[in-house]
Amino acid sequence: MTVADQQSDLRPSRKVLERGLAVGIDIGGTKVLGGIVDVDGTILATCRKSTPGRDVAAVENTLAAVVAELVDSRDIVALGIGAAGWIDGTGSTVMFSPHLAWRNEPLRESLQARLGRPVLVENDANAAAWAESRFGAGTGESRMLCLTLGTGIGGGIVMDGRIERGRFGAAGEFGHMVIVPDGHRCECGNRGCLEQYASGNALGREARELARAGSPMVHEIVRRVDGDVDAITGQVVAEAALDDDPGARNLFADVGAWLGLGLANLAAAYDPGRFVIGGGVSATGELLLEPTRQSFARNLTGRGYRPAAGVVHAQLGPEAGLVGAADLARRAVTDA
């Protein structure tokens with residue numbers, strides 16, 4: 001039996017399709033966050049569990065437990081999984097996940113057999129970008145790029161009502177554009193990737209380096225961690241910036257300058273109408289976005305003689321991934 005046949009056999013009744021409720025799950029290295037999502041992108045119920053290490057079977061058990069707790073007596077159309085990593089073009093196999101033990105894992109087939117419902121697997125950043133395009137900061141714009149700034153940088157591309165996944169399913173890895181040849185070593189194996197200069201990890205690293213050099217610029221940040229320099233993270237820097245600490249704000253200005261340069265490069269390649277910036281680092285709002293816009297305008301190819309994309313803050317927060325995964329799964333079933 002082919003995957004298409006399996007999907008057809010699992011297709012819900014017309015009554016269930018009309019209600020349009022779907023489950024979306026965002027799975028990362030530390031948490032599994034699930035939700036029931038309606039056709040308008042509204043989350044009706046949520047469930048959160050810790051990711052059980054890197055064991056494949058244990059992760060699948062946790063996914064099944066989240067679905068069981070959410071669904072209860074509800075009829076749902078489909079289940080969408082948003083996972084960090086490369087997903088094949090059919091939305092069925094996780095080819096590689098950096099934070100989990102999935103390597104060419106046929107996740108859709110396994111979960112469909114276990115749960116008896118249609119399943120779609122999508123990259124988590126793609127799912128978040130889709131949600132922002134449909135229900136958030138990207139609505140009304142046909143060509144949008146979404147960047148999520150957290151520990152690293154994720155990305156998603158929405159063009160003319162579809163996600164651009166690339167020929168091999170690996171499009172949108174904006175954080176691994178090399179912008180500084182022979183720069184900081186990245187976890188991907190290269191040097192000088194954008195996420196080494198414009199992410200939560202970059203904020204923490206820069207603050208720690210200043211602290212070890214004895215710079216008064218980060219005195220308040222060091223005080224917040226009781227002098228334990230190793231405890232300085234991007235989150236600590238963000239909290240200090242929101243409390244008007246000038247040193248922390250200066251660090252955010254540096255990150256914004258790097259991010260704006262990255263956006264200018266992306267504009268040269270994709271020419272989108274809007275950039276949507278999300279993720280934990282973006283929670284500082286204009287502290288990040290204003291220097292980002294300034295750098296973007298300064299580095300944009302053809303500046304002054306061409307329209308420039310808007311740079312806006314994401315609207316859906318940490319639930320964007322599950323909302324997008326649910327909506328994509330719903331559309332896959334209802335459009336079949």
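These figures come from a predicted structure and were not determined experimentally.
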Worksheet item: Does CZ belonging to Arg306 count more than 12 external heavy atoms closer than 6.0 Å?
Response: yes

Worksheet item: Which atom pair, heavy atoms only, marks the closest approach of Phe252 to Leu287?
Response: CB-O, 4.0 Å

Worksheet item: Short question: side chain of Asp88, backbone of Ser92 - any donor-acceptor pair under 3.5 Å?
Response: yes

Worksheet item: Does Arg143 reach the main-chain N or O of Gly273 with its side chain, forming a donor-acceptor pair under 3.5 Å?
Response: no

Practice prompt. Measure the spacing between CD of Glu195 and CD of Glu187 and express it to the nearest 0.5 Å.
Written response: 7.0 Å

Item to complete: For Asp228, look at atom CG and say whether over 12 heavy atoms of other residues, nucleotides or ligands are found less than 6.0 Å away.
Response: yes

Worksheet item: Among the clusters formed by ILVMFWY side chains lying less than 4.5 Å apart, do Phe135 and Leu322 turn up in the same one?
Response: yes

Worksheet, complete the sentence: Only one of Leu289, Val281, Leu149 passes side chain to side chain contact (heavy atoms under 4.5 Å, CB included) with Leu259, and that residue is Leu149

Discussion item. Does Met177 form a side chain to side chain contact (heavy atoms under 4.5 Å, CB included) with Cys193? I'd like the steps, not just the answer.
Written reply: CA-CA 5 Å; Met177 296 187 302; Cys193 293; over 6 Å; no

Fill in: Side-chain donor or acceptor of Arg224 paired with backbone N/O of Ile232 under 3.5 Å
no

Item to complete: Kindly indicate, with the supporting measurements, whether the criterion side chain to side chain contact (heavy atoms under 4.5 Å, CB included) is fulfilled by Leu145 and Val276.
Response: CA-CA 6 Å; Leu145 268 59; Val276 175; over 6 Å; no

Worksheet item: What distance separates Leu261 CG from Leu300 CG, expressed to the nearest 0.5 Å?
Response: 11.0 Å

Item to complete: Indicate if Trp130 and Met159 have the same hydrophobic cluster label, given that clusters are the connected sets of ILVMFWY residues with side-chain heavy-atom separations under 4.5 angstrom.
Response: no

Fill in: Rounded distance (nearest 0.5 Å) linking atom CD of Glu173 with atom CG of Asn123
6.5 Å

Worksheet item: Is any side-chain N of the basic residue among Arg208 and Asp230 closer than 4.0 Å to the acidic one's carboxylate O?
Response: no

Discussion item. Tell me whether the rings of Trp258 and Tyr197 are parallel (<30°), tilted (30 to 60°) or perpendicular (>60°).
Written reply: tilted

Worksheet item: Can you check whether Ala257's main-chain N or O pairs, donor with acceptor, with Arg298's side chain at less than 3.5 Å?
Response: no

Discussion item. When you measure from the side chain of Asn299 to the backbone of Ser295, do you find a donor-acceptor pair of N or O atoms at a distance under 3.5 Å?
Written reply: yes

Worksheet item: Can you check salt bridge (charged side-chain N to carboxylate O under 4.0 Å, His left out) on Arg134 and Asp327, steps first, answer last?
Response: CA-CA 9 Å; Arg134 289 266 291 140; Asp327 194 62; 2.8 Å; yes

Response to the item:
Rounded to the nearest 0.5 angstrom, the CG-CG distance for Asp26 and Leu33 is 6.5 Å

Worksheet entry | Donor-acceptor contact below 3.5 Å, side chain Arg330 vs main chain Asp38 | yes

Worksheet item: Between Glu132 and Ala137, is there a donor-acceptor pair closer than 3.5 Å when you use the side chain of the first and the backbone of the second?
Response: yes

Fill in: Single hit among Leu115, Val32, Val119 for side chain to side chain contact (heavy atoms under 4.5 Å, CB included) with Leu63
Val32

Worksheet item: In Å and rounded to the nearest 0.5 Å, what is the CG to CD1 distance from Asp124 to Ile25?
Response: 13.5 Å

Item to complete: Without swapping roles, check the side chain of Arg185 against the backbone of Gly189 for a donor-acceptor pair under 3.5 Å.
Response: yes

Worksheet entry | side chain to side chain contact (heavy atoms under 4.5 Å, CB included) between Asp243 and Asp245, intermediate numbers included | CA-CA 6 Å; Asp243 287 339; Asp245 175 53; 5.7 Å; no

Item to complete: Measure the CG-CZ distance between Asp244 and Arg249 for me, rounded to the nearest 0.5 Å.
Response: 4.0 Å

Worksheet entry | His313 side chain vs Ser282 backbone, donor-acceptor pair below 3.5 Å | yes

Item to complete: State whether the number of non-hydrogen atoms from other residues, nucleotides or ligands found under 6.0 Å of Arg48 atom CZ is greater than 12.
Response: no

Worksheet item: When Ile277 is tested against each of Leu147, Thr148, Val312, Thr292 for side chain to side chain contact (heavy atoms under 4.5 Å, CB included), which residue passes?
Response: Leu147

Worksheet item: If we ignore angles and hydrogens, is there a donor and acceptor under 3.5 Å between the side chains of Thr93 and Glu105?
Response: no

Discussion item. Given 3.5 Å as the limit, does a donor-acceptor pair link the side chain of Arg293 with the main chain of Val311, or not?
Written reply: yes

Discussion item. Is there a side chain to side chain contact (heavy atoms under 4.5 Å, CB included) between Ile221 and Leu251? Walk through the geometry before answering.
Written reply: CA-CA 11 Å; Ile221 295 172; Leu251 287 169; 4.1 Å; yes

